[in-house]
Chemist: 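Here it is: the structure, laid out below.
Each chain gets a letter, A, B and so on, in the order its sequence line appears, and its residues count up from 1.
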Number of protein chains: 2
Amino acid sequence: MGTRNPGQRAGLTRGAVLAAANELLAERGLAALTMRAVATRLDVAPNALYSHVANKTALLDEVLDERLALVTEPDPDGDPAAGLHAVMTSTRAVLLDRPDLVPLYLARQGARGPHAQRLGEVMLGLMDRAGVTGGDAREALRVLIVYTIGFAALGTGGPLAADETARSFDRGLRWLLTGIIPG
Amino acid sequence: MGTRNPGQRAGLTRGAVLAAANELLAERGLAALTMRAVATRLDVAPNALYSHVANKTALLDEVLDERLALVTEPDPDGDPAAGLHAVMTSTRAVLLDRPDLVPLYLARQGARGPHAQRLGEVMLGLMDRAGVTGGDAREALRVLIVYTIGFAALGTGGPLAADETARSFDRGLRWLLTGIIPG
DNA sequence: ACCTGAACACCGTTCAAGT
DNA sequence: ACCTGAACACCGTTCAAGT
C-alpha cells in the first residue's frame, strides 16, 4: 500500500475495480463491499478508485447489471409461455446466488443497464408472438419482473426449505403466465 | 444539547425515539434516518438512544412493523377472494407512502413483528374459508406478500404513471387470486 | 436506570499535490 | 491521466463516568 509514491501508476482499470468488487461481494457480502475495502484489495489508496468509477452508486449499478449477463436467454422462436417461464426461472436462480443484491435491484426500481434492457426486449418479443402487445405487454413484463425479484428476495434464509420455495415460485409464475397468455 | 450534565435525565422514552425516527423518515427520507439525527431531534447525545433501543436494526424493525398497523383489515366473514384483494391493495397503498422502506422489508425477508403476524393470520383465515389450507395456503400467502411488496418497490418514480401502475398491480393480483382460489 | 463526554473504528468523497 | 497524502464531514457503537 505505502509502496508507491504520488505519480506512480498502479495499472488500475475499470474492469479490475469491478472484478474486485464482485469478489468482495462473493466472499464477504454486501456490507463488506466498501470503497475502502475494494481499494485495499487492489492495493491502492481509497481515492484512486475515483479515477475509474464516478462513485459507489455507479459501481454498484454496474455490478447489478453485470449479474444479469448470467441469465440464460430463451429461444426467441420457441413457445412463448415456455420461454417466459424459462427466463424468469433462470433470473431467479441468478439472483438467488447473491441475495444481498436483491434489495438493491428493488431500490433502483429494477435495474437499468444494457443487460437488463436486452432481457426485457427478448421477453417483449415472446409476448408479441403470443399476441400480447403494447400496454398489455408492458404491464405483463412489469408483473413478471416484480414477482421474480420479489421472490428471489424472500427466497433464502426463510423458514421454508429451498425446494418448497422453488415450488411456490413456480406455481405463482404459472398462475401469472396463464393470466398473461390465456389458453 | 450541551444544556444537560451527566446524570440529568432527558425524559426519553422508547415511544419518543420511535416517533422521532418516523418523523425523520417522513421529512427527509431513509438516508437521513441516522441514530445521530434521531438523537439531535430529541436533543440528546447520540448514545442516549441505546438506553431505549438495542441498536439501529432493532429501531428499524419496529418502524417497519409499525407501518403495517395502518393496513385496513378485511371482514373475516366476507368473500375470501375479495378480502384478500382488499388487504393486498391496502398494504400496497401503505407501503407506497414510504417507498424508501420497501427494500428493507425485502432485506429482512418480509417483516417479523406483531402487526405482520396478525395480517398473515387474517389472510390464512380467509383462505381456509375458501378451502385452501396447509402447505397450499402458506405457499399462496408467500406469493401474495412477495408480489405486493415487490410492486410497491417498483411502484414509484418509474416511467409509468401512478394509475397505470395501479392497474398493472390489480391485474396481476387478480391473476394470482384466480390461481389460488379457482372458480 | 438514564444520560453525558469522549473515544474507537469505521465510512464516502474532495482537494492539492506529484509524475 | 492516474495515483498518493491528508483531510473533511460524517457514521454506529462502546466505555467510563456522573446522578
Chemist: Please report the distance, rounded to the nearest Å, between CG in L42(A) and C1' in dT4(D).
Modeler: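 For the pair L42(A) CG and dT4(D) C1', the rounded distance is 15 Å.
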Chemist: Salt bridge between E164(A) and R142(B), side-chain N to carboxylate O under 4.0 Å?
Modeler: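 Not counted as a salt bridge, because no side-chain N and carboxylate O are separated by less than 4.0 Å.
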Chemist: Verify the contact: side-chain N or O of H52(B) to OP1 or OP2 of dC3(C), cut-off strictly under 4.0 Å; return yes or no.
Modeler: yes
Chemist: Rounded to whole angstrom units, what separation is found between the CG atom of N55(A) and the P atom of dC11(C)?
Modeler: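 Result: 17 Å.
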Chemist: Near DNA chain D, under 4.0 Å by heavy atom, which residues of residues 7-32 of chain B?
Modeler: G7(B)
Chemist: Rounded to the nearest angstrom, tell me the gap between atom CG in L49(B) and atom C1' in dC11(D).
Modeler: 13 Å
Chemist: Does dC3(C) have OP1 or OP2 sitting under 4.0 Å from an N or O in the side chain of R4(B)?
Modeler: no
Chemist: Identify the two heavy atoms, one from A116(A) and one from D65(A), that lie closest to each other, and give their separation to 0.1 Å.
Modeler: N-OD1, 3.1 Å
Chemist: Starting at CG of L33(A) and ending at C1' of dC10(C), how long is that distance when rounded to a whole Å?
Modeler: 15 Å
Chemist: Round to the nearest Å and state the distance from R36(B) atom CZ to dA7(C) atom P.
Modeler: 13 Å
Chemist: So which nucleotide does dC8(C) pair with, by the Watson-Crick or G-U wobble rule with both distances under 3.5 Å?
Modeler: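 When the pairing criteria are applied, dG12(D) turns out to be the nucleotide that pairs with dC8(C).
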Chemist: Could you state the atom-to-atom distance from NZ of K56(B) to C1' of dC10(C) in whole Å?
Modeler: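 Whole-Å distance recorded here is 14 Å.
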Chemist: Within this structure, what is the CE-to-P distance between M35(B) and dC10(D), rounded to whole angstrom?
Modeler: 18 Å
Chemist: Given the ring of F169(B), does R92(B) sit roughly above its face, with NZ or CZ under 6.0 Å from the centre of the six-membered ring and within 45° of the axis?
Modeler: yes
Chemist: Please report the distance separating the C1' of dA16(D) from the corresponding atom of dC2(C), rounded so that it comes out in whole Å.
Modeler: 15 Å
Chemist: Rounding to an integer number of angstrom, what distance separates dA9(D) and dA9(C) when you compare their P atoms?
Modeler: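 About 22 Å, rounded to a whole number of Å.
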Chemist: Decide yes or no for L144(B) and L177(B): does some side-chain heavy atom of the first lie under 4.5 Å from some side-chain heavy atom of the second?
Modeler: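 The answer is yes; the side chains approach within 4.5 Å.
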Chemist: Could you tell me whether the phosphate oxygens of dA1(D), OP1 or OP2, come under 4.0 Å of any side-chain nitrogen or oxygen in S51(A)?
Modeler: no
Chemist: Without swapping roles, check the side chain of S90(B) against the backbone of V71(B) for a donor-acceptor pair under 3.5 Å.
Modeler: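 No.
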Chemist: Of all heavy-atom pairs between I181(B) and A130(B), which one has the smallest distance, and what is that distance?
Modeler: CD1-CB, 3.8 Å
Chemist: Among dT13(C), dG18(D), dC11(D), which nucleotide has an atom closest to any side-chain atom of T34(B)?
Modeler: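 Closest of the options to the side chain of T34(B): dC11(D).
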